[in-house]
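Only this structure's heavy atoms are used, side chains among them; waters, hydrogens and symmetry mates stay out.
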Amino acid sequence: MNIYLLYANDLLKITSVAILSYITLVSLYKFVKGKEYSITDFRMSVFGLIFLFFKISGYLALVLIGEKTLSTEFTYAVIAFILAIIGWDKHNKESNIRKKHFRIFFFYEISLILILLSF
């Protein structure tokens, strides 16, 4: 039993929740206040995608070495990752600043809810 991979998976889950929470709160604040979309917002949204990908990869590593089996946690994580990618893609195609913030908020919030359901 590789306990370090299990701890790393839990750490990735907590980190993903923290990053998604931060992104959704900032996007909601900037949507409501009508603030400009900055390069920091873009970088944080990409950072959220990267950590969701790491979470899925870590879970798959645990499945491959036999520590865990595929479960609803993995299904929720994959759906959350796909929704975050869709939201990120839609916000990249948008030129209206308010719509950019709203799309990031909406899709990342659904992803956050799905990740929280997997706890």
Side-chain angles (χ1 to χ4, degrees):
M1 175 177 259
N2 197 343
I3 195 79
Y4 297 115
L5 283 176
L6 291 171
Y7 287 150
N9 187 44
D10 291 340
L11 182 64
L12 284 171
K13 187 187 296 187
I14 292 168
T15 308
S16 297
V17 167
I19 290 171
L20 287 175
S21 298
Y22 175 76
I23 293 169
T24 55
L25 289 175
V26 168
S27 294
L28 179 63
Y29 173 76
K30 289 187 175 187
F31 172 72
V32 170
K33 293 290 185 177
K35 301 273 183 167
E36 287 292 319
Y37 186 80
S38 67
I39 192 69
T40 306
D41 298 324
F42 177 77
R43 288 179 181 158
M44 285 306 295
S45 63
V46 172
F47 198 63
L49 285 176
I50 290 169
F51 265 91
L52 281 174
F53 179 74
F54 284 162
K55 184 192 176 319
I56 292 170
S57 299
Y59 195 89
L60 277 177
L62 287 172
V63 168
L64 289 175
I65 64 170
E67 297 292 325
K68 286 193 171 191
T69 59
L70 291 178
S71 66
T72 58
E73 177 185 353
F74 179 71
T75 306
Y76 285 153
V78 169
I79 293 170
F81 181 65
I82 290 170
L83 285 173
I85 287 176
I86 290 170
W88 188 79
D89 183 52
K90 286 190 176 288
H91 110 279
N92 271 343
K93 294 177 181 175
E94 190 61 51
S95 61
N96 187 349
I97 295 167
R98 286 184 52 90
K99 287 184 181 180
K100 274 184 176 281
H101 287 301
F102 181 74
R103 290 202 173 141
I104 285 292
F105 166 72
F106 181 74
F107 284 101
Y108 277 53
E109 181 67 26
I110 294 172
S111 297
L112 176 64
I113 290 169
L114 286 172
I115 295 295
L116 287 174
L117 284 175
S118 70
F119 270 104

> Roughly how far, to the nearest 0.5 Å, is the OG atom of S57 from the CG atom of L62?
Replying inline: 11.0 Å

Do any side-chain atoms of residues 74-82 form donor-acceptor pairs under 3.5 angstrom with protein atoms, and if so which ones, sequence neighbours left out?
unit_1, atom_1, unit_2, atom_2, d
T75, OG1, S71, O, 3.2

> L52 and A84: which non-hydrogen atoms are nearest, and at how many Å?
Replying inline: CD1-CB, 3.8 Å

> At their closest point, which heavy atom of T24 faces which heavy atom of F105, and how far apart are they?
Replying inline: O-CD1, 3.4 Å

>> Return the CD1 to CZ distance between I23 and F47, rounded to the nearest 0.5 Å.
In response: 9.0 Å

> How would you list all residue pairs meeting salt bridge (charged side-chain N to carboxylate O under 4.0 Å, His left out) that involve residues 33-50, not counting sequence neighbours?
Replying inline: K30-D41

> Pairs in or reaching into residues 85-98: which pass salt bridge (charged side-chain N to carboxylate O under 4.0 Å, His left out), with residues at least two apart or in two chains?
Replying inline: D89-K93, E94-R103

>> Restricting to non-hydrogen atoms, name the atom on L112 and the atom on V17 that form the minimum distance, rounded to 0.1 Å.
In response: CD1-O, 3.7 Å

>> Can you give me the closest heavy-atom contact between T69 and V63, atom names plus distance?
In response: C-CG2, 4.1 Å

>> Using 0.5 Å steps for rounding, measure from the CD1 atom of I104 to the OG atom of S45.
In response: 4.5 Å

>> Run the ring pair (Phe, Tyr, Trp, His ring centres under 6.0 Å) test against F42 and tell me which residues pass, sequence neighbours left out.
In response: W88

>> Checking Y29 now: which residues fulfil ring pair (Phe, Tyr, Trp, His ring centres under 6.0 Å) with it, not counting sequence neighbours?
In response: none

> Do Y22 and I39 sit in the same hydrophobic cluster, where Ile, Leu, Val, Met, Phe, Trp and Tyr count as joined when their side-chain heavy atoms come under 4.5 Å apart?
Replying inline: yes

> Do H91 and Y37 have ring centres separated by under 6.0 Å?
Replying inline: yes

> What distance separates N9 CG from E73 CD, expressed to the nearest 0.5 Å?
Replying inline: 6.0 Å

>> I'd like to know if L11 and I65 are part of one continuous hydrophobic network [Ile/Leu/Val/Met/Phe/Trp/Tyr, side-chain heavy atoms within less than 4.5 Å].
In response: no

> What is the distance from atom CG of L28 to atom NE2 of H101, rounded to the nearest 0.5 Å?
Replying inline: 11.0 Å

>> Could you see if L117 belongs to whatever hydrophobic cluster contains L70? Use Ile, Leu, Val, Met, Phe, Trp, Tyr and a side-chain cutoff under 4.5 Å.
In response: yes

> Just how far is it from atom OG1 of T72 to atom CG of L114, taken to the nearest 0.5 Å?
Replying inline: 11.0 Å

> What about L83 and L25, same hydrophobic cluster or not, with Ile/Leu/Val/Met/Phe/Trp/Tyr joined at side-chain heavy-atom distances under 4.5 Å?
Replying inline: no

> Cluster question for you: counting only ILVMFWY and a side-chain heavy-atom cut-off of under 4.5 Å, with indirect links fine, are I14 and L49 together?
Replying inline: no

> What residue pairs, at least two apart or across chains, pass salt bridge (charged side-chain N to carboxylate O under 4.0 Å, His left out) with a residue in residues 107-119?
Replying inline: none

